[in-house]
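Before any comments, here is the structure.
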Amino acid sequence: MPRSKALPAELDPHAQQLVTGLRRLKDRDELTLRHLAAKTGYSAKSWERYLGGTSLPPREAVEALARITDADPAPLLALQEIVADSWDSRRGRSAAEDPPAEQDADGEAAEPGEVDGTETVREGEQESPGRPTASRPAVRARFPHLAITAGLAVLVVALGTALLLVLLLEDDAAPRHVATAPSSTAASTPPAYACHIARVDGRWAAGLNQGRDTEIGYGAMGADVAEAQCLLRRAGISPGGIDGMFGPLTLRAVKTFQAGAGLVADGMLGPRSWKALRG
């Protein structure tokens, strides 16, 4: 298991406890980011930010990780609420710090009294009638640039309107084909399996793989894995959820069953392990 990256130094102590607790559950069950994404509904990139301390995990993500690792979610949820309050207040403080200074037309910060292009006259001091004002030529010099910019903006709007009309006319003339985008959530959600334990020809079966004894191991997916998970649960050993994914929890359950049945505890379900499972 790769060593976790160090948490940011500015991270709140409660946030450090929360992230450390989540990392401990992930490492204990030897879960990868891909496993977390498949079992919790949150993407691997999201879990990378949650476990790296750069993003606050929502309550649902904390509950999902506790559920798939058979852990008590209450301490982690309490920490999540504390961290959420401090996280929001810290964001509010950073947003309120140092409002941006006013800028002139060239994008540089303007000195007080120069925002509108005129000089500030001190109280009690009158402007000399014969003294030329230095800022007035600059204001007049900006007018041609403003006129050119306005003209270009009008031209762009006109071209955009003409192009839109052309596209609308082409759409009316051509037949329309509406394609429905596939749902990424549905594609990433593993299928649900239901165990129907029964004795068939003197052997236990869950009714998911037509009684096949296919050799499977860590990383396998499908009905054969779900069949084995149902039979493991019937034998009194929890493989986690019946999700058809041969992950760390299923691997641990298979090894426990093999050791109890006097078989080689290698985590591979072969003919002898299937025979013992089906009893």
Side-chain angles (χ1 to χ4, degrees), residues 1-96 182-195 218-221 225-226 229-230 232-233 237-256:
M1 182 66 63
R3 185 177 181 183
S4 300
K5 296 181 180 179
L7 295 176
E10 67 275 10
L11 200 61
D12 183 81
H14 292 99
Q16 291 183 3
Q17 294 181 20
L18 174 62
V19 175
T20 302
L22 295 176
R23 286 182 174 182
R24 186 178 298 112
L25 293 180
K26 168 184 172 293
D27 295 340
R28 186 196 68 187
D29 285 2
E30 300 180 356
L31 296 172
T32 65
L33 295 179
R34 181 179 178 184
H35 290 143
L36 292 177
K39 290 177 176 289
T40 64
Y42 291 85
S43 66
K45 287 292 184 181
S46 297
W47 277 112
E48 184 178 0
R49 293 193 300 270
Y50 300 157
L51 299 175
T54 59
S55 182
L56 175 64
R59 286 180 57 88
E60 292 77 7
V62 176
E63 290 176 343
L65 179 56
R67 183 179 64 255
I68 66 176
T69 55
D70 295 329
D72 182 11
L76 295 175
L77 291 176
L79 283 173
Q80 195 275 345
E81 291 182 2
I82 298 174
V83 175
D85 295 337
S86 62
W87 201 284
D88 294 339
S89 62
R90 186 170 67 252
R91 285 186 175 180
R93 287 196 301 271
S94 62
S183 174
S184 59
T185 303
S188 62
T189 303
Y193 296 97
C195 300
Y218 186 80
M221 300 173 63
V225 178
Q229 290 172 334
C230 290
L232 286 169
R233 181 171 289 181
I237 303 174
S238 174
I242 309 300
D243 54 5
M245 298 180 62
F246 204 127
L249 297 179
T250 302
L251 178 63
R252 184 168 57 189
V254 169
K255 289 183 176 180
T256 302

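Values in this document were obtained by computation on a predicted structure and should not be read as measured data.
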### Task
Answer yes or no: is there a donor N or O on one side and an acceptor on the other, between the side chain of Gln16 and the main chain of Leu11, under 3.5 Å?
yes

Polar side-chain atom of Gln229 near backbone of Gly240 as donor-acceptor pair, under 3.5 Å
no

Residues Pro73 and Ala66: closest non-hydrogen pair is CB-CB, 3.7 Å

CG (Leu25) and CG (Asp72) are apart, to the nearest 0.5 Å, by 10.5 Å

Nearest heavy-atom approach of Pro58 to Tyr50 is CD-OH, 3.4 Å

Is there a side-chain contact between Pro57 and Leu18, using heavy atoms and a 4.5 Å cut-off? yes

Taking every heavy atom of Leu232 against every heavy atom of Pro239, the minimum-distance pair comes out as CD1-CB, 4.2 Å

The reported gap from CD1 in Ile68 to NZ in Lys39 (rounded to nearest 0.5 angstrom) is 6.5 Å

Output for pair (Thr20 OG1, Leu7 CG), nearest 0.5 Å, gives 5.5 Å

Here the pair of heavy atoms bringing Ser43 nearest to Ser46 is OG-OG, 2.9 Å

Met245 and Ala38 have their tightest heavy-atom pair at CE-CB, 3.8 Å

Between Asp29 (side chain) and Leu31 (backbone), is there a donor-acceptor pair under 3.5 Å? no

Note to self: Within the 4.5 Å heavy-atom criterion, are Glu48 and Thr54 side-chain neighbours or not?
What the structure shows: no

Rounded to the nearest 0.5 Å, the OG1 atom of Thr32 sits from the NE2 atom of His35 at a distance of 4.0 Å

CD1 of Ile237 to CG of Leu249, rounded to nearest 0.5 Å, is 13.0 Å

Minimal heavy-atom distance between Lys26 and Leu51, with the atoms involved, is CD-CD1, 3.3 Å

- Considering residues, nucleotides and ligands other than Arg28, do more than 12 of their heavy atoms fall under 6.0 Å from its CZ? yes

Value for CG (Leu76) from CD (Gln17), rounded to nearest 0.5 Å, stands at 10.5 Å

